[in-house]
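Hydrogens, waters and symmetry mates are skipped; everything else that's a heavy atom, side chains included, is used.
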Amino acid sequence: MAKYLVLAMTNPLPGRDSEFNEWYDRVAIPAYASLPHVRPLGRYRSVPHDGYEFEMKDIGFEYLSVYEIETDDLEAAFSEIRVALAKATEEGRYHFSQAIDKGRFFEPVFVQI
């Protein structure tokens with residue numbers, strides 16, 4: 001079975017870090033952990049440093065959440081995930097945070113090689 005990583009790169013709206021982080025901890029991560037094929041691997045915050053010559057000084061994203069998806073059919077898995085997330089929304093277990101800067105949101109998917 002193939003393994004994929006989803007890298008959710010996000011920023012909170014100005015002044016809404018606390019609300020953003022509370023939503024991730026109390027709403028998003030529990031909901032995402034209940035989805036088929038999805039395993040949350042952790043959340044990270046960008047830190048400035050001078051460790052590498054080739055470092056990008058401003059990546060434009062303050063937060064990173066990493067999720068693993070294991071499946072033989074990625075498109076079918078995403079369809080199942082969307083259905084399960086819609087059900088979680090209907091049941092009141094999930095909602096998208098209003099504290100996320102929707103203008104700066106990036107979610108690439110990588111497959112293990």
Side-chain angles (χ1 to χ4, degrees):
M1 205 173 293
K3 288 186 179 183
Y4 298 85
L5 287 182
V6 177
L7 306 178
M9 297 177 218
T10 57
N11 291 319
L13 290 169
R16 296 181 75 179
D17 285 59
S18 180
E19 179 185 349
F20 172 86
N21 285 308
E22 184 174 324
W23 171 81
Y24 252 109
D25 294 341
R26 294 181 185 219
V27 177
I29 296 299
Y32 299 157
S34 75
L35 299 174
H37 309 284
V38 177
R39 185 166 66 107
L41 298 180
R43 295 186 60 228
Y44 304 87
R45 187 165 179 242
S46 176
V47 293
H49 68 87
D50 293 321
Y52 305 109
E53 293 178 27
F54 53 85
E55 177 193 359
M56 296 185 325
K57 297 294 182 186
D58 181 12
I59 61 169
F61 294 101
E62 198 172 337
Y63 291 91
L64 169 69
S65 297
V66 182
Y67 306 93
E68 181 180 74
I69 295 177
E70 195 167 340
T71 182
D72 285 326
D73 184 340
L74 185 61
E75 295 309 315
F78 273 124
S79 290
E80 289 178 48
I81 291 166
R82 282 190 291 276
V83 167
L85 198 55
K87 182 178 180 186
T89 301
E90 288 172 13
E91 294 172 350
R93 295 182 292 113
Y94 180 79
H95 64 275
F96 196 77
S97 175
Q98 297 304 307
I100 290 179
D101 180 355
K102 294 180 183 106
R104 292 286 302 153
F105 193 90
F106 186 51
E107 223 173 50
V109 178
F110 293 84
V111 65
Q112 186 177 42
I113 54 174

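Smallest separation of non-hydrogen atoms from Asp73 and Ala76: OD1-N, 3.1 Å. Residues Glu107 and Val6 come closest through the heavy atom pair CG-CG1, 3.7 Å. For Ser46 against Phe61, the heavy-atom pair with the smallest separation is CB-O, 3.6 Å. Listed here is the closest heavy atom pair of Glu68 and Lys3: OE2-CD, 3.5 Å. Closest heavy-atom contact between Asp25 and Pro30: O-CD, 3.5 Å. Shown here for Ala31 and Arg93, the closest heavy-atom pair between the two residues is CB-O, 4.1 Å.
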Practice prompt. Just do the side-chain contact (heavy atoms from CB on, under 4.5 Å) check on Leu41 and Leu5 with the steps written out, would you?
Written response: CA-CA 9 Å; Leu41 298 180; Leu5 287 182; 3.7 Å; yes

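The ring pair (Phe, Tyr, Trp, His ring centres under 6.0 Å) test with Tyr63 singles out one residue from Phe20, Phe106, Tyr44, and that residue is Phe20.
Linking Ile, Leu, Val, Met, Phe, Trp and Tyr whenever their side-chain heavy atoms come within less than 4.5 Å leaves Leu13 and Ile100 in two separate clusters. A single hydrophobic cluster is seen to contain both Phe110 and Val66, as judged by linkage of ILVMFWY side chains at heavy-atom distances under 4.5 Å, directly or through other members. Note: the hydrophobic cluster containing Tyr4 also contains Leu85 (ILVMFWY, side chain heavy atoms under 4.5 Å, direct or indirect links). Both Val111 and Val38 belong to a common hydrophobic cluster when Ile, Leu, Val, Met, Phe, Trp and Tyr are linked at side-chain heavy-atom distances under 4.5 angstrom.
Residue Lys87 qualifies as open at atom NZ: its count of foreign heavy atoms under 6.0 Å is 12 or below.
Put simply, CZ on Arg39 and OH on Tyr67 are 13.0 Å apart, with the number rounded to the nearest 0.5 Å. Atom CG of Asp72 sits about 10.0 Å away from atom NE2 of His37, to the nearest 0.5 Å. Considering CZ of Arg43 and CG of Leu64, their distance stands at 9.5 Å, rounded to 0.5 Å. In this structure, the separation between CD on Gln112 and CD on Glu70 is 9.0 Å, given to the nearest 0.5 Å. Rounded to the nearest 0.5 Å, atoms CG (Asp17) and CZ (Arg45) are 6.5 Å apart. One distance of note links CD1 of Ile29 with OG of Ser34; it measures 11.0 Å at 0.5 Å rounding.
Counting only heavy atoms from C-beta outward, the side chains of Tyr24 and Ser97 never approach each other to under 4.5 Å. Contact annotation: the side chain of Ile81 approaches that of Ile69 to within less than 4.5 Å [non-hydrogen atoms, C-beta and beyond]. Side chains of Pro12 and Glu19 form no contact here, defined as non-hydrogen atoms less than 4.5 Å apart.
With sequence neighbours left out, the side chain to side chain donor-acceptor pair (under 3.5 Å) criterion links Tyr94 to Tyr32.
The backbone N or O of Gln98 lies less than 3.5 Å from a partner atom in the side chain of Arg16, making a donor-acceptor pair.
The ring pair (Phe, Tyr, Trp, His ring centres under 6.0 Å) contacts involving residues 69-91 comprise nothing, where partners must be two or more places apart or lie in separate chains.
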